Every structure is written in C-alpha cells, then in structure tokens.
Amino acid sequence: MENMKPMKVRELLKSKEIGKEVLVKGWVRTKRGNKQVNFIAVNDGSIIHNIQVVAEVAAFNDDLLKQITTGSCIAVKGILVESPAQGQPVEIQAKEIEIYGTADPETYPLQKKGHSLEFLREIAHLRPRTNTFGAIFRIRHAVAFAIHKYFNDHGFYYIHSPIITGSDAEGAGALFRVSILDPKDPPLKPDGSVNFAEDFFGKETKLTVSGQLEAELAALALSQVYTFAPTFRAENSNTPRHLAEFWMIEPEIAFYDNNDNMDLAEDLLKYLIQYVLDQCKDDLEFLQKMYDPELIERLKFVINTGFERRTYSEAIDILKASGQPFEYHVEWGIDLQAEHEKYLVEKYYKKPVILTDYPREIKAFYMKQNDDGKTVRAMDVLFPKIGEVIGGSQREENYEKLLSRIREMHIPEKDVWWYLETRKFGTAPHSGFGLGFERFIIFITGMSNIRDVIPFPRTPQNAEF
RNA sequence: UCCUCCUUAGCUCAGUUGGUUAGAGCAUCUGACUGUUAAUCAGAGGGUCGCUAGUUCAAGUCUAGCAGGGGGAGCCA
C-alpha cells in the first residue's frame, strides 16, 4: 500500500477512471451499514465532501472494522467504482484498510451530530476536522492567496515590516511589551523606573500594531508595496469583532491621491470576493446552508454595486436629518459610532459606503491635511455586518505640516525621526490603507464571531492552544 | 472596561408558585436489518444540576461572592 501514490478526495470525486485501483488517506466522518456491508465516509480536508468507502464485512477482520469509528484515521486501497446509490458519483470498493490512528468513541468529542460554535472554540485543536472549519480555513487560505495574487499581478512588492517595534507612534491603542527582563526583579534606574537600557534591544520594545510606517518607507522607493502580517493590540476588547492577535493587509502607494486609494480599495475587495465565489463554491454553499441563507447573494451584490463615496460632513448631515433615536448624539466633530455606521450602510444607502475627509482631531497624525484646516484626507470603507473593514488615507508628505502635527499631538520626535526624513529627502504624495483580514473573512464566510475565522484566536484571558 | 443574559448527561436543551426517584433528543454501548447518505428500528448504560457560602423543615429552583461563556457598548481593524 505504501508504494502507491495516494489521491486526494477532491481528485477522486471528479475522477472518470472507473475501475482503477486507488489509495486514499483521511479521517472517518461516519460509518454505517449492516452485517453484510459497511459504508465509511472519509474526509481528507481537500474538499468539503467525503469519499464513500464500501467495505464488505466478510472480506475484513471484525476487529479492524470495529476500530473504524468517527474520528479515526485510515488508509484505504480499493477500486474506484460508480456509485449505485444516490449521494455521490463514485465510491471506493475497499480491498485493503490500514488504521493509522483510532479514536475512542466514548471520549472523542466530535460526534456525527452538529455542535455549537461555542463548544468547538473550546476544542480548537479538533475543530479543523469539522465541515464548518474545514470550509472556513479553505476560504481563509483562498483569500490570503488571492491577496498576494492581486498585488503581484498589479506590480506591487510584498514588504516584511517588523513585528517588534521600538516606538508606539502608530497611535492605534495599547501594545504588548517584548522583554527578557526578570519581571520579579527588573534593573531599575535611580528614579525607580525600569531600566530598559539593560533589556535585549537596549530600549523598551513592543509588538507592532501596524506595519504602515515602515511600508511608507518602502513605498517611497519601490512605489507600490503591501504588507500582510500579524499585528497585536493589548486592548481589553471583548467583542465578536476583536482579536489581540490578528492579520492586516496594508498597501502603500507612491503618487496615489485619496481617490486612487479608494479605487484600489474597492477593486481589491471586489476581486477577493469574486475569487472566493469562483474557487470556493462548495464551501460557500455549505456555509450558506448552515449559517447564513443570504451569504452568496450578499457577496454577489457587493461585487455588482458601486460603493457610495461621501464625505464625513455629508454623513453627519444625513444622520442629523434621519430622525433616528441614536444613543450617541450626532454633531460635526464626533467619531462615528457603530450605530451611526450601521444606519448609513444598512438602512440609508443599503450598500458599502466609503466616507472621506474626517475631522483632523479624530484621526492619526500622518494623514494629509486639507486646505480647510479642519479635515484630513482619510477614507474608511464601511461594510454591512462588520462595519469598518478598511481605514486609510492620503499621507501628509509636507515636512513642515507633518512636523507641526507631530508636535501638536505630543509624539516624541526621537521615535519618528526616520519617518520624518522621508519627507525631507525626495518626498512624494502617497496613500495607503489597512484591511483587517479576519474582519473581511467574517464578511465572506457569513460567520458572526471573529474567533471562528482564525484557527487559534487570542483574546483577553485566552491564549490556549 | 461597562451593561445584560447564560452555566442541568459526551453534545443541544426542558425542568411549573422551592416538595419526595432530575427528563428529552442526539451521541455511546448491545441487538435487528442485503446499499446506507447526520441510515432506520428495539433495548441499555450515562448526572458532584459551574464552584463556594447562605436562607429554609426542604434548594436544580431563592440570595451573595467567585469562575467560565454568549450578546450589546466602548477602544479599534
């Protein structure tokens, strides 16, 4: 059996080579049958469907068949035949079965029955073996691959921004410290504070919250770059849309203004959705059937509609005139709350919305200042179901304006001197944005909790597995 | 971090104004069935009612604290 090349279930199910001897290896989903014949559904994760293995009871040792239970892992050699019954085009008439690993049915937690997503989160080491998580992880892979394909095909270069950072200038929330100092007895300075000069890097270091600043450095040389990397937020956020460790895609493009930026964001999102519709049809249909009846319709709708592009000020006017009983009062200058974004996207425009030109006070220091002295050239893409999926802007390329903003916001210049120098030497207009990978996977899979679209979620009080 | 709800069999859940032996479906085990599709049919086993303290003649049920989880909000992607 071992000198034969195994075939994937995905290949077997579309094979036309009836009568051929084949080898398949995978995990048993169910076994049923009677005294004469057993039907074993085998799945190897290559596709959501199983291959049916038919074993004549008389041809096999009783003990062997008894050990084939839900969750066990087997190799089967047999003849690929057309299935005489409904449900599958082909099946394998087993000649030899080898058991790689048994799974005690009394203790194996996965049943043939459906499980709650909450329960599966507690057994994240086994949940990849379910139909749901197989589908999600195949789709997650497809989106990740399509991101690289899209950028590569459009002349972008993939930049690896650092994971460990010496500055917390990104201004995107709390950071995790990276240190090798003894937490019980750290070296102290005369004033009693921790002396990070004795730490590994000779200064206080953190896990990055964004690769953007470094991506800008690269964009001002390679013109079109993107990052795709994990980022970390030490916020105590307990919601179905937040992770402490998540992945982000951050394109950064020289000579792009904010309109070019929006065009790129919209085109990228539509490309990714189309790619998944083309490549992951079976998985999407399964998720639609089990979790979200309107999933595929919604994905197609987003591809076929133009995103509504409005300014922040226009959005405020619409919200004020809406007559909605918002919990948070609407006034020019406020940061839009979830309820406001939801109203604009799901009730008012009923499609994805891109808002631009936000008040400078509620946005980051690096965003390009408009001539009105009040707003910056930001753009947020708001999606149904998940809210802000992209946040970006044209960047401030003027040295003096950027420096004055840095001083106004009390950002230590010693932390960003290198960033400032790109505006001193050959500065260029440029733009970019950040796309939350898991947020987007929520949208594209129809899942409702971000912990179900990443294999091993990290959230406050939880770093198991 | 705030608000709110939940925690009973391996899983999903029911359990009346506090009352005597805590139930169901699925799963598991045993048996039946010549091709099943989350097979079907019959039977059996399976419980520290999250933990701790309290109220009461009596607590799965009421109260408090703690732990874990869900939803909403904030922070953000």
Side-chain angles (χ1 to χ4, degrees), chain A residues 29-41 49-58 66 69-71 81 83-88 91 93 103-123 130-131 170-174 209-212 229-250 289-290 326-328 335-342 362-364 380-383 386-392 433-443 448-454 459-462 464:
Chain A
R29 285 295 170 78
T30 69
K31 185 178 73 167
R32 21 171 206 273
N34 52 43
K35 275 218 167 81
Q36 281 69 40
V37 62
N38 277 188
F39 301 95
I40 307 161
H49 306 298
N50 307 320
I51 185 89
Q52 175 158 279
V53 171
V54 183
E56 301 286 343
V57 171
K66 210 168 164 153
T69 59
T70 298
V81 298
S83 179
Q86 294 295 307
Q88 58 281 318
E91 61 190 30
Q93 198 72 45
D104 177 7
E106 295 283 358
T107 52
Y108 183 62
L110 292 173
Q111 306 157 4
K112 307 186 211 182
K113 185 89 166 56
H115 296 86
S116 69
L117 293 169
E118 290 83 1
F119 173 67
L120 292 173
R121 268 172 228 152
E122 292 170 10
I123 52 166
T130 62
N131 286 333
E170 290 96 342
V209 294
S210 163
Q212 178 198 315
T231 51
F232 306 87
R233 304 283 164 87
E235 302 285 350
N236 191 12
S237 299
N238 294 286
T239 86
R241 295 177 307 282
H242 289 85
L243 290 167
E245 176 184 284
F246 65 98
W247 289 68
M248 198 152 57
I249 298 95
E250 297 181 287
K289 193 176 95 194
M290 301 300 288
F326 292 122
E327 189 185 337
Y328 290 85
D335 210 352
L336 295 182
Q337 302 297 314
E339 58 177 350
H340 305 138
E341 295 179 348
K342 214 178 248 301
I362 59 172
K363 288 293 185 183
D380 285 1
V381 182
L382 310 178
F383 258 34
I386 52 173
E388 184 183 337
V389 68
I390 278 178
F433 59 81
L435 165 62
F437 186 57
E438 283 79 13
R439 289 252 175 109
F440 185 63
I441 302 294
I442 291 176
F443 177 77
S448 48
N449 193 311
I450 202 165
R451 292 161 201 166
D452 296 329
V453 300
I454 187 167
T459 53
Q461 299 299 312
N462 179 25
E464 193 67 49

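Keep in mind that this is a model prediction, so the values were computed, not measured. Naming convention: chains lettered A, B, ... in sequence-line order (proteins, then strands); numbering from 1 in each chain.
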Contact class for [X] (heavy atom, under 4.0 Å): base, sugar-phosphate, or nothing?
| X | result |
| --- | --- |
| A:Gln52 | base |
| A:Glu56 | nothing |
| A:Ala338 | sugar-phosphate |
| A:Phe39 | base |
| A:Gln88 | base |
| A:Tyr328 | sugar-phosphate |
| A:Leu243 | base |
| A:Glu327 | nothing |

Shortest non-hydrogen contact from A:Trp247 to A:Glu438?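 Nearest pair, atom of A:Trp247 first, then A:Glu438: N-OE1, 3.0 Å.
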Shortest non-hydrogen separation from A:Asn38 to A:Lys31 and the atoms involved: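 Scanning both residues completely, I find the closest heavy atoms to be OD1-CD, 3.7 Å.
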Return no unless some side-chain N or O of A:Gln337 is found under 4.0 Å from OP1 or OP2 of B:rC75. yes
Under 4.0 Å between a side-chain N or O of A:Asn236 and OP1 or OP2 of B:rC75?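 No, A:Asn236 has no side-chain N/O under 4.0 Å of OP1/OP2 on B:rC75.
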Mind calculating the distance between [atom1] ([X]) and [atom2] ([N]) to the nearest angstrom?
| X | N | atom1 | atom2 | value |
| --- | --- | --- | --- | --- |
| A:Glu235 | B:rA73 | CD | P | 17 Å |
| A:Phe246 | B:rC75 | CZ | P | 15 Å |
| A:Glu91 | B:rU36 | CD | C1' | 10 Å |
| A:Phe119 | B:rA9 | CZ | P | 12 Å |
| A:Leu435 | B:rC76 | CG | P | 18 Å |
| A:Lys342 | B:rA73 | NZ | P | 7 Å |
| A:Asn38 | B:rG35 | CG | P | 12 Å |
| A:Glu339 | B:rA73 | CD | C1' | 10 Å |

Interatomic distance at [atom1], [N] relative to [M], whole Å:
| N | M | atom1 | result |
| --- | --- | --- | --- |
| B:rG43 | B:rU17 | P | 33 Å |
| B:rU52 | B:rU40 | C1' | 47 Å |
| B:rU8 | B:rU4 | C1' | 22 Å |
| B:rC75 | B:rA59 | P | 48 Å |
| B:rA22 | B:rU48 | C1' | 14 Å |
| B:rG10 | B:rG47 | C1' | 12 Å |
| B:rA58 | B:rG18 | P | 15 Å |
| B:rU55 | B:rU63 | P | 15 Å |

Is there a donor-acceptor pair closer than 3.5 Å between any side-chain N or O of [X] and the backbone N or O of [Y]?
| X | Y | result |
| --- | --- | --- |
| A:Gln111 | A:Pro109 | no |
| A:Gln88 | A:Ser83 | no |
| A:Arg241 | A:Ile386 | no |
| A:Thr69 | A:Ala103 | yes |
| A:Glu235 | A:Ala174 | yes |
| A:Asn34 | A:Gln36 | yes |

All N/O contacts under 3.5 Å from nucleotides 65-72 of chain B to the protein, with atom names and distances to one decimal?
| from | atom 1 | to | atom 2 | distance (Å) |
| --- | --- | --- | --- | --- |
| B:rG70 | OP1 | A:Arg121 | NH1 | 2.9 |
| B:rG70 | OP1 | A:Arg451 | NH1 | 2.9 |
| B:rG70 | OP2 | A:Arg451 | NH1 | 3.1 |
| B:rG71 | OP1 | A:Asn449 | ND2 | 3.3 |
| B:rG71 | OP2 | A:Asn449 | ND2 | 3.3 |

Please step through side chain to side chain contact (heavy atoms under 4.5 Å, CB included) for the pair A:Leu120 and A:Leu110, ending with a clear verdict. CA-CA 9 Å; A:Leu120 292 173; A:Leu110 292 173; 3.6 Å; yes
Who pairs with A:Glu250 by salt bridge (charged side-chain N to carboxylate O under 4.0 Å, His left out), at least two apart in sequence or on another chain? none
For A:Lys363, give me all partners under salt bridge (charged side-chain N to carboxylate O under 4.0 Å, His left out), at least two apart in sequence or on another chain.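 By the salt bridge (charged side-chain N to carboxylate O under 4.0 Å, His left out) rule, A:Lys363 matches A:Asp380.
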Apply side chain to side chain contact (heavy atoms under 4.5 Å, CB included) to the pair A:Arg121 and A:Asp452, showing each step before the final yes or no. CA-CA 7 Å; A:Arg121 268 172 228 152; A:Asp452 296 329; 2.7 Å; yes
Identify, between A:Lys35 and A:Thr30, the residue whose nearest nucleotide on RNA chain B lies closer to the 5' end. A:Lys35
Give me the stems containing RNA chain B, sorted by first residue, counting only three or more consecutive Watson-Crick or G-U pairs with both distances under 3.5 Å; say none if there aren't any. B:1-7 with B:67-73, B:10-13 with B:23-26, B:28-32 with B:40-44, B:50-54 with B:62-66
Derivation of the side chain to side chain contact (heavy atoms under 4.5 Å, CB included) call for A:Glu56 and A:Gln93: CA-CA 8 Å; A:Glu56 301 286 343; A:Gln93 198 72 45; 3.5 Å; yes
side-chain contact (heavy atoms from CB on, under 4.5 Å) involving A:Thr107 - partner list, sequence neighbours excluded: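 Listed in chain order: A:Asp104.
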Per the atom types in the model, does the base of B:rC76 pair as donor or acceptor with the side chain of A:Ser237 at under 3.5 Å?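 Donor-acceptor pair under 3.5 Å: no.
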Has the side chain of A:His242 got a donor or acceptor that lies under 3.5 Å from a partner of the other kind on the base of B:rC76? yes
What string of B, S and - do you get for nucleotides 23-29 of chain B, 5' to 3', if B is base contact, S is sugar-phosphate-only contact and - is no contact with any protein heavy atom under 4.0 Å? ---SSSS
